[in-house]
Each structure stands twice: as C-alpha cells, then as structure tokens.
Amino acid sequence: MWQLLRPAALLLLVSADTRAADLSKAVVLLDPQWDRVLRNDSVTLTCQGAYPVEDNSTKWWHNGTLTSKQTSSYFIADAQVEDSGKYKCQTGLSAPSDPVKLEVHVGWLLLQPTQRVVNAGEPIQLKCHSWKKTPVVKVQYFQNGRGKKFFHWNSDFRIPKAKLEDSGSYFCRGIIGTKNESSESVQITVVQDLETLQTVSSFFPPWHQITFCLVMGLLFAVDTGLYFSVQRDLRNSKEWRDGKVTWSKDP
C-alpha cells in the first residue's frame, strides 16, 4: 500500500508546487527611475502586485532581511550609503519580486543611466546628477575618455538609436561654483541580439514544468517496477501451461 501511496503523494506535491509557481511575481518600481543616487537623495520604491480584499499589507526585504515596512511604498527620505543593496517585495496574492539593486554614492556628481545594457537601436539616456541638485555649468559627457557632448547648462545626454560602438565607459564633468568636478565611470554595453537571446531563453520551459516532467518520469519508473514485481510474484506462485494458469498443489 505504501508503494502505491508514494506516487500519489508526489503528484500532490507537484500540484501544490505548480499552483505556487502560477502566482505572478510582484514588481519593484523606483521613483525617480535611477538605481544610482547620491547621499541625501530621496527615493520611493513601490511594490506592484495583487492584494486580497481589504488587505494591503506588503512585505519588504533589504539585502535578504525582512524589514518592518508593511506599506506598498518604501520611502527613503534621506538616502545613506547603508541604504544601498537589493530590495524585494511581496503582496498577499503575489510571489516575491525579483530583487532591484539600489546604489547610494558619495560625491558632487553622479552619472545616472536609464539602463546599463541596451539593445542596438534603442535609446541611451544619461543624466549628470549633482549633490542636492547644486547648479552645474559647462557639463561635458565622456566615452572612453573622449569628449562626447558638451552643454553650457546641465542637460541629459541622449543617443536616440544606440550602436555597438556606443558601448564603453562613460562619465560626466562640470563646474560647481569654482571647482571642476567629475563623476565616477559607468560601463554601458550595447548588444545586438538582446531580444533574440530573450526569445531563445523563453523557449526553455520554466523550472516548475521541468520538475513536473521529472516527477512524471519517476512515477512511470515506479509503476513499471511495480508491474514487473507483481508478475514475478505470480510466476513464483503459479504454473503457466499453454497460456493457462494452474495453481500448484502442496507436496
């Protein structure tokens, strides 16, 4: 009986696992959109996901540790270096979100890209952000040490359609008061087949489907083993003659 119950138990486990995997993931959004900020900046992280009726409680994790925050928005009024790290959230009817990394830097200028890996043909936008929004003039953007764009007043640098040669190390420089300040460098990578790679990766089934197939294969092997075990027991207790079964008598 236990041999027959084990496959049923495995099926129940796979069913429960599949239902859990069917929950859509929550999503963490940043406002402003930049994942690189300066000390003393304010940042709001918002958790998007499904909630049960009359229950808007939200779980937030910072660097893997559950925080005391239970609202859908996680507000950082005065960012400090220790606020850096990975943030995850979960609502009552969602699976935990993918982690979103936040970097808090110290300095006068900080280069903020909308994204660091860009598909060829998509736009690149860079912002030369100043500490406490201090006025900056004569702003210049650099790629691999060479001047790329100059603005008399601080403006975002935008490349409408990125090319492979737009990959490289970027930083910005500007004058604050009487000082010439520069930001740290940020690596921007332009790839040709990012969409194709995403399509190929989506071709492979998710992990819970792979688990289900493996368990079904295991169940098939167990059933096959039970079948041959029963057949062997029958041969030991019966005599097969001309396709008929004859029970053997005691000696």
Side-chain angles (χ1 to χ4, degrees), residues 26-49 56-91 96-118 123-143 145 147-159 168-189:
V27 178
V28 177
L29 300 178
L30 291 172
D31 183 26
Q33 63 180 316
W34 319 106
D35 61 358
R36 308 178 81 241
V37 300
L38 285 171
R39 183 170 58 88
N40 303 126
D41 282 349
S42 61
V43 182
T44 300
L45 297 90
T46 302
C47 187
Q48 286 192 345
N56 293 328
S57 61
T58 306
K59 292 181 180 179
W60 285 96
W61 289 266
H62 178 217
N63 291 331
T65 302
L66 183 65
T67 72
S68 59
K69 298 281 187 180
Q70 293 185 349
T71 58
S72 60
S73 295
Y74 191 119
F75 181 59
I76 303 175
D78 187 34
Q80 301 298 319
V81 174
E82 53 266 29
D83 292 316
S84 298
K86 295 180 179 180
Y87 289 83
K88 292 174 59 176
C89 74
Q90 183 181 15
T91 64
S97 68
D98 291 328
V100 169
K101 189 176 182 181
L102 180 67
E103 299 178 6
V104 181
H105 296 260
V106 177
W108 279 102
L109 291 178
L110 180 72
L111 188 70
Q112 296 176 316
T114 50
Q115 50 187 344
R116 305 186 203 189
V117 179
V118 184
I124 295 176
Q125 183 174 348
L126 304 175
K127 182 181 182 66
C128 194
H129 175 53
S130 62
W131 182 56
K132 293 187 175 181
K133 297 182 180 180
T134 305
V136 188
V137 297
K138 296 183 179 179
V139 174
Q140 190 169 10
Y141 292 86
F142 293 82
Q143 178 198 13
K148 192 78 173 178
K149 187 71 176 179
F150 175 83
F151 296 98
H152 287 284
W153 304 101
N154 195 3
S155 300
D156 292 357
F157 173 44
R158 192 172 186 273
I159 301 175
S169 177
Y170 286 81
F171 73 94
C172 65
R173 178 184 296 167
I175 296 177
I176 298 178
T178 59
K179 294 183 179 179
N180 196 343
E181 301 287 349
S182 298
S183 72
E184 297 177 353
S185 298
V186 177
Q187 185 69 31
I188 304 296
T189 304

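Here the closest heavy-atom approach between residue L126 and residue Y141 is recorded as O-OH, 3.6 Å. Considering all non-hydrogen atoms of both residues, W34 and K127 come closest at CZ2-CD, 3.6 Å. Here the closest non-hydrogen pair linking R158 and P123 is NH2-CB, 3.5 Å. Contact between V136 and S130 at its shortest, heavy atoms only, is CG2-CB, 3.5 Å. Heavy atoms only, all atoms of each residue included: A26 and C47 are closest at CB-SG, 3.9 Å. Between L109 and E181 the shortest heavy-atom distance is CD1-O, 3.3 Å.
The closest donor-acceptor contact from the side chain of N154 to the backbone of V137 lies at 3.5 Å or more, if one exists at all. R39 contributes no side-chain N or O that, together with a main-chain N or O of V81, makes up a donor-acceptor pair within less than 3.5 Å. With hydrogens and angles disregarded, no donor-acceptor distance shorter than 3.5 Å links the side chain of S169 to the backbone of S185. No donor-acceptor pair under 3.5 Å is formed between the side chain of S57 and the backbone N or O of Q70. Listed for the Q140 side chain is no donor-acceptor partner under 3.5 Å among the backbone atoms of R173. Judged purely by atom type and a 3.5 angstrom limit, S183 has no side-chain atom pairing as donor or acceptor with the backbone of F171. Between the side chain of H62 and the main chain of S84, a donor-acceptor pair closer than 3.5 Å is present.
Among D35, V37, T44, the single residue meeting the side-chain contact (heavy atoms from CB on, under 4.5 Å) criterion with L30 is D35.
Not counting sequence neighbours, the partners of D41 by the side chain to side chain donor-acceptor pair (under 3.5 Å) test are H129.
Under the ring pair (Phe, Tyr, Trp, His ring centres under 6.0 Å) criterion, the residue pairs touching residues 96-116 are W108-W131, with sequence neighbours excluded.
Atom OG of S97 is separated from atom NZ of K86 by 12.0 Å, given to the nearest 0.5 angstrom. Considering CG of L45 and OG of S73, their distance stands at 9.0 Å, rounded to 0.5 Å. Atom CG in L110 sits 7.0 Å away from atom CD in E184 (nearest 0.5 Å). S72 contributes atom OG, which lies 8.0 Å from atom CH2 of W60 (distance to the nearest 0.5 angstrom). Here CD1 of I124 is found 13.5 Å from CG of D156. Values are rounded to the nearest 0.5 Å. N63 contributes atom CG, which lies 10.0 Å from atom NZ of K101 (distance to the nearest 0.5 angstrom).
Contact of the S42 side chain with the F75 side chain is registered, since non-hydrogen atoms from C-beta on lie closer than 4.5 Å. Taking the side chain as every heavy atom from C-beta outward, D83 and Q80 approach each other to under 4.5 Å. Y87 has its side chain within reach of I76: a pair of non-hydrogen atoms, C-beta onward, lies under 4.5 Å apart.
With a 6.0 Å cutoff to the six-membered ring centre and a 45° limit on the axis angle, K149 does not count as a cation-pi contact of F157.
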Next on the checklist: Is there a side-chain contact (heavy atoms from CB on, under 4.5 Å) between T46 and D31? Walk through the geometry before answering.
Outcome noted: CA-CA 8 Å; T46 302; D31 183 26; 5.7 Å; no
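Between Q90 and K59, the side chains place no donor N or O within less than 3.5 Å of an acceptor N or O (distance only, hydrogens not considered).
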